[in-house]
> 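Below is the structure I would like to discuss, written out as structure tokens.
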Amino acid sequence: MTFLIYDSLTKKKQQFVPVDKNNVRVYACGPTVYNYAHVGNARMSVVTDLLIRVLKTIYKNVKFVSNITDVDDKIIEAAKKEKVKIEDITSKFEKIYNQDMLELNVRLPDIQPKATEYIKEMIIMIEKLVQNQSAYISNDNVIFNVKKYKHYGVLSRRTKDEQIAGSRIEVADYKKNPEDFVLWKPSKEDEPGWESPWGRGRPGWHIECSAMSEKCLKTPFDIHCGGVDLTFPHHENEIAQSCSLVANDCEPSEFSKYWFHNGFVTSNGEKMSKSLGNIKLVNDMLKEYSGPVIRLSLLSSHYRQPLDWSKKILDQSKKNILRFSKVLKDIENKVDTNNLNQNDNDFIRALYDDLNTPKALAVLNGWFDDLKKNSSSNENLVFLIKQALQIFGLDIKRNQSTNTNITEEEKIMIEKMIQEREIARKNKDFRKADELREKLKEMRIFLDDTSGGTIWKKNES
RNA sequence: GGUGCGGUGGCGGAGAGGCUACGCACCGGCCUGCAAAGCCGAGUACACCGGUUCGAAUCCGGUCCGCACCUCCA
């Protein structure tokens, strides 16, 4: 089976051939931790998590590294505003980020390096770039000279000159070229800083990923992931830095072989932005929807397509998850999937075609239908479904609602009302029975008359 | 102005020269005291205009519209 992956460097679907099939290596640009994670962050994490799960069906050893950016101007700003220490902000939001992602069943990366722990590596890298004249010092900043790298612009398909007219680039006067970027900048007294050959300062944004990916994975590695918005300038600059360490004309693929970018999330058709106040936080959504529901929503369209986030998409996923869980209840412990691995089926074939999740979902739906028709007697089907859900990362059991936040008193009252309704039903006093159903509904208690008696659920999901 | 991605039924969303996915909603039927769930069934589609072809939603040319990036952003 071959895995096809769309490579944004060549702008084509490519057959995935690892650098070393015994050690497949993937890097993803992680979050800057100064705020709660939003749906956009979540999409990147979930999609990358799926990529890793799929790669693991083919390759035994897959090493996944995704960083935490814990030094950045936005963090400094946030700390100033809150009047707390930088570390208080970063450690708080790092924890929240990982917790939120865990709720979405995103596995932790094998290594989650923090930028501040790799300052030494960054300095060494910058020194080399200064030495080989890829970078220059100006106004106490170390700046990368974009003109020195032959392939600058290949990833984003931009030539330096054509985008300047009409763009919003403001050229800092200490730069030789407008798109030159900062590798190292001086820090003020009250800003975090490290001693360096250029005085006390801190790294620019891009160098951290070059340093951490090199250190944790060794270059060239296989896949570099991130949101589309990172293609320019972040990834373009990463390529320039990392490749310039080797040679001025070093091919971009000598850094990472494939580039994997997920599409943007909009909110009700609009870009999520602070000014519009429409940033959807994972943390908030988890109060209303379960992890699997959010995860399924994020995977319901192809990862490269734009995704418009709305209540509708969540409600739709919620129904689908509910439907799955109903069927699943009957087959609970039928087959142990732990040590099984069968990857020659339509579901996996869809995923091997550049992670076609909608198609894979369609296959899964078909299996659920078959299973219902064969009254859960087909062991192979049960196995396939369980494996598929595992690869998708949908832990549906976790979705099952429990009536936990209900007090004993409420419980007694509810059960009393249900009993009352039972009596009314037996006496064919259906008007009273319906009244009781309505009353409970107003309390968000939903009744379900089954052959085994009436069961109830609060705010059913 | 430059770059990239799109416009598919009421909605979400794959596909990609003939077999017209899939899900949600809606409608009809079965079931049910009524609901819910489940089951069975029906319907509606490929932005526009040309062209190529026996045949185009799918290829080619043009037009219109949307989104994102070019500044921090996943």
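Values reported hereafter were calculated over all heavy atoms of this structure, with side chains retained and with hydrogens, waters and symmetry mates removed. Letters A, B, ... mirror the listed sequences (proteins, then strands); counts begin at 1.
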> Could you tell me whether the side chain of A/D308 has a donor or acceptor atom within less than 3.5 Å of a complementary atom in the base of B/G12?
no
> Just by distance, do the side chain of A/T231 and the backbone of A/V228 share a donor-acceptor pair under 3.5 Å?
yes
> Would you name the heavy atoms of A/P113 and A/V65 that are closest together and state the gap between them?
CD-CG1, 3.6 Å
> Under 4.0 Å, heavy atoms only, any strand: does A/R425 hit a base, just the sugar-phosphate, or nothing?
base
> From the options B/C34, B/G12, B/A14, select the nucleotide whose nearest atom is closest to the side chain of A/H302.
B/A14
> Take atom NZ in A/K114; do more than 12 heavy atoms of anything else shown fall under 6.0 Å from it?
no
> Within less than 4.0 Å of OP1 or OP2 of B/C34, is there a side-chain N or O belonging to A/R421?
no
> B/A68, B/C24, B/A74: which one has an atom nearest the side-chain heavy atoms of A/K319?
B/C24
> Look at A/N41 and B/A74 and indicate whether a side-chain polar atom (N or O) is within less than 4.0 Å of OP1 or OP2.
yes
> Looking at RNA chain B, which of residues 67-74 of chain A put a heavy atom within less than 4.0 Å of it?
A/K74
> Is there a donor and acceptor pair, one atom on the side chain of A/D449 and one on the base of B/C34, closer than 3.5 Å?
yes
> May I ask you to verify if any side-chain N or O of A/K312 is less than 4.0 angstrom from the OP1 or OP2 atom of B/G10?
no
> Nearest to the side chain of A/H38, heavy atoms from C-beta on, is which of B/A74, B/U3, B/G33?
B/A74
> Which range-with-range stems can be found for RNA chain B when each stem has 3 or more Watson-Crick or G-U pairs in a row and both distances sit under 3.5 Å?
B:1-7 with B:64-70, B:10-12 with B:22-24, B:27-30 with B:38-41, B:47-51 with B:59-63
> Go through B/C22, B/C11, B/C34 for me and flag the one nearest to the A/D434 side chain.
B/C34
> Measure from NZ or CZ of A/R53 to the centre of the six-membered ring of A/F392, then state whether that distance is under 6.0 Å and the direction lies within 45° of the axis.
no
> For A/Y303, run the side chain to side chain donor-acceptor pair (under 3.5 Å) check against A/T48, A/T357, A/D354 and tell me which one passes.
A/D354
> Any ion pair linking A/D73 and A/K80 (charged N to carboxylate O, less than 4.0 Å)?
no
> Hey, does the side chain of A/K359 come within less than 4.0 Å of B/G15's phosphate (OP1/OP2), counting only N and O?
no
> If you check the A/K271 side chain, which of B/C72, B/G13, B/C22 turns out closest?
B/C72
> Would you mind telling me which residue lines up with the more 5' stretch of RNA chain B, A/Y6 or A/I313, judged by nearest nucleotide?
A/Y6
> Using the side-chain heavy atoms of A/N356, tell me which of these nucleotides is nearest: B/A14, B/G23, B/A74.
B/A14
> Any salt bridge between A/K311 and A/D315, counting N to O under 4.0 Å?
yes
> With under 30° as parallel and over 60° as perpendicular, where do the rings of A/H224 and A/F255 fit, or are they tilted in between?
tilted
> Taking only the side-chain heavy atoms of A/P233 (C-beta and beyond), determine which of B/A14, B/A74, B/C72 contains the nearest atom.
B/C72
> So does A/R437 reach the base of B/G33 with its side chain, donor to acceptor, closer than 3.5 Å?
no
> With respect to the side chain of A/N262, which nucleotide from B/G38, B/A74, B/U3 is positioned closest?
B/A74
> Where each residue is assigned the nucleotide of RNA chain B containing its nearest heavy atom, which of A/D315 and A/S300 is assigned the position nearer the 5′ end?
A/S300
> May I ask you to decide if A/H206's main-chain N or O and A/N237's side chain share a donor-acceptor pair within less than 3.5 Å?
no
> Can a salt bridge be assigned to the pair A/E435 and A/R421 using a cut-off of 4.0 Å between side-chain N and carboxylate O?
no
